[in-house]
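The figures here come from the full heavy-atom set of this structure, side chains too, leaving out hydrogens, waters and symmetry mates. Residue numbering restarts at 1 for every chain, and letters A, B, ... go by the order of the sequence lines.
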Amino acid sequence: MEDYGLEFRKELERAISQIPEGMVARLTDVADVLGDRRAVRAIAQMLPSTDGPFWRVVREDMSILNDRISKEIEVTGGKAKAPIFNDFMVSGTGILKKLSKEREDMRSAIDLNDYEFETIVGVDMAYSGNRAIVALSCFEISGFHRWDEIFETSTDFPYIPTYLSYREGPPILKAISESSREIEALMVDGNGILHPEHLGLASYIGIKAGIPSIGVAKNLLCGELRWPDTKKGEIVLNGKVVGYALRGGKAKNPVYVSPGNMISLEKAREITESFMAHRIPEPTRRAHEVAKKGLMRK
DNA sequence: GCGACAG
DNA sequence: ATCTTGTCGC
């Protein structure tokens, strides 16, 4: 499978290794080298296990991330007193720019027409360190539960807002291809076309697997929310309705539904609504439980 | 300066 | 996503 996790790490190490002794580099500048400022948190988290002088990376306000830098330069009040290095030599535009373009090219493959299916499979993941569990829970459209399956994998790509496809996409696609069951359609934990580039995890998986998919997220990633009535809200992005906010059961907070692939906005909403006895629709809800339990045993 | 940022 | 105690409500 695409090993973007390793590529991400290698690119980070290549950048860090260029920071000379006596200087520091800003986290945001390092993130820019990799292609997207949104990766700052992921990078900050990865730094301690990165080959090279990772301690020379500082925050925007010059506050240090690692004590080891105080042995090389002056640190006052937790802030580094050293010139900022930002003359990175880079071969390309950064891995995240490349991945962003990959999604942009995939966008034309999204099909928002309706296709028939009698069952839908909820997908979710649970993590424990490097260990990752993918759970699939199949339901009939009528609401009847058919089966559950779990797969053990791993993920190296970090969580970066808007790049979830590269963290959870490969493990999920692997599980789908390894499954011996018939998988007609998917309900994914994450967004479909409700995404800055109109291509979230649900669309990514739906396209790669070639089946209908619906995205259901617990938090709003982007877009503007409009509530014509109290039960259903429209999510507008770039002047278009790309999804709905739905409230299920006695829940105060809504979930955000958007079509992934091979389904219309309205059918994605209708199917999701039919599974909303609780806040989280049943397929995804059950997959979440199954994944969590799968992590426990063994 | 403040808000926003799927899992 | 994960780390985590008690607490409020049905």
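Residues A:E197 and A:R107 have side chains not in contact (no heavy-atom distance under 4.5 Å, counting atoms from C-beta outward). Between A:M125 and A:P171, some side-chain heavy-atom pair lies under the 4.5 Å cut-off. Between A:S128 and A:L295 the shortest side-chain heavy-atom distance falls below 4.5 Å. The shortest distance between side-chain heavy atoms of A:I271 and A:F117 falls below 4.5 Å. Between A:K101 and A:T93, every side-chain heavy-atom pair lies at or beyond the 4.5 Å cut-off. Counting only heavy atoms from C-beta outward, the side chains of A:I280 and A:V255 approach each other to under 4.5 Å.
Atom pair A:I235:CD1 and B:dA6:P shows a separation of 14 Å (rounding to whole Å applied). As a whole-Å value, the separation of A:L201 CG from B:dA6 P is 13 Å. If you take CD of A:Q45 and C1' of B:dG7, they are 13 Å apart, rounded to a whole angstrom. Rounded to whole angstrom, the span from the NZ atom of A:K292 across to the C1' atom of B:dG7 amounts to 14 Å. Atom-to-atom, OH of A:Y127 to P of C:dT2 comes out at 9 Å; the value is rounded to the nearest Å. For the pair A:E168 CD and C:dA1 P, the computed distance is 8 Å after rounding to whole Å. Atom pair A:I172:CD1 and B:dG7:P shows a separation of 12 Å (rounding to whole Å applied). The distance between atom CD1 of A:I280 and atom C1' of B:dA6, rounded to the nearest whole Å, is 12 Å.
Inspection of the A:E11 and A:Y4 side chains reveals no N or O donor paired with an N or O acceptor under 3.5 Å. A side-chain donor-acceptor contact under 3.5 Å links A:S142 and A:E140.
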Next on the checklist: Protein within reach of the bases, or only the backbone? For nucleotides 4-10 of chain C, mark each nucleotide 5' to 3' as B, S or -, using heavy atoms under 4.0 Å.
Outcome noted: -------
Please tabulate the protein-to-nucleotide N/O contacts below 3.5 Å involving nucleotides 1-5 of chain B, giving atom names and distances.
from	atom 1	to	atom 2	distance (Å)
B:dC5	OP1	A:L220	O	2.8
B:dC5	OP1	A:L221	O	3.1
B:dC5	N4	A:R41	NH2	3.4

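Between A:K218 and B:dA6 there is no side-chain N or O to OP1 or OP2 distance below 4.0 Å.
Heavy atoms of A:S128 sit nowhere under 4.0 angstrom from any nucleic acid atom. In this structure, A:N191 reaches the bases: a heavy-atom distance under 4.0 Å links it to at least one base atom across the strands shown.
Applying the salt bridge (Lys or Arg N to Asp or Glu O under 4.0 Å) definition to pairs two or more places apart or across chains, those involving residues 18-27 of chain A are A:R26-A:D29.
Between A:Y166 and A:F157, the angle of the ring planes lies from 30° to 60°, which puts this pair in the tilted group. Ring orientation note: the planes of A:F88 and A:F85 are nearly perpendicular, at an angle over 60° on the 30°/60° scale.
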Checklist entry - For DNA chain B, what string of dots and brackets results from 5' to 3' when Watson-Crick and G-U pairs need both distances under 3.5 Å, crossing pairs get [ ], and pairs with another strand get |? => result .......
Checklist entry - DNA chain C in dot-bracket, Watson-Crick or G-U pairs under 3.5 Å, [ ] crossing, | other strand? => result ..........
Checklist entry - What do the steps show when you test A:S203 against A:N261 for side chain to side chain donor-acceptor pair (under 3.5 Å), and what is the final call? => result CA-CA 5 Å; A:S203 298; A:N261 186 44; over 6 Å; no
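In this structure, A:R41 is not positioned above the aromatic face of A:Y159 in the sense of NZ or CZ being under 6.0 Å from the six-membered ring centre and within 45° of the axis.
Clustering of Ile, Leu, Val, Met, Phe, Trp and Tyr by side-chain heavy atoms under 4.5 Å joins A:L6 with none of the others.
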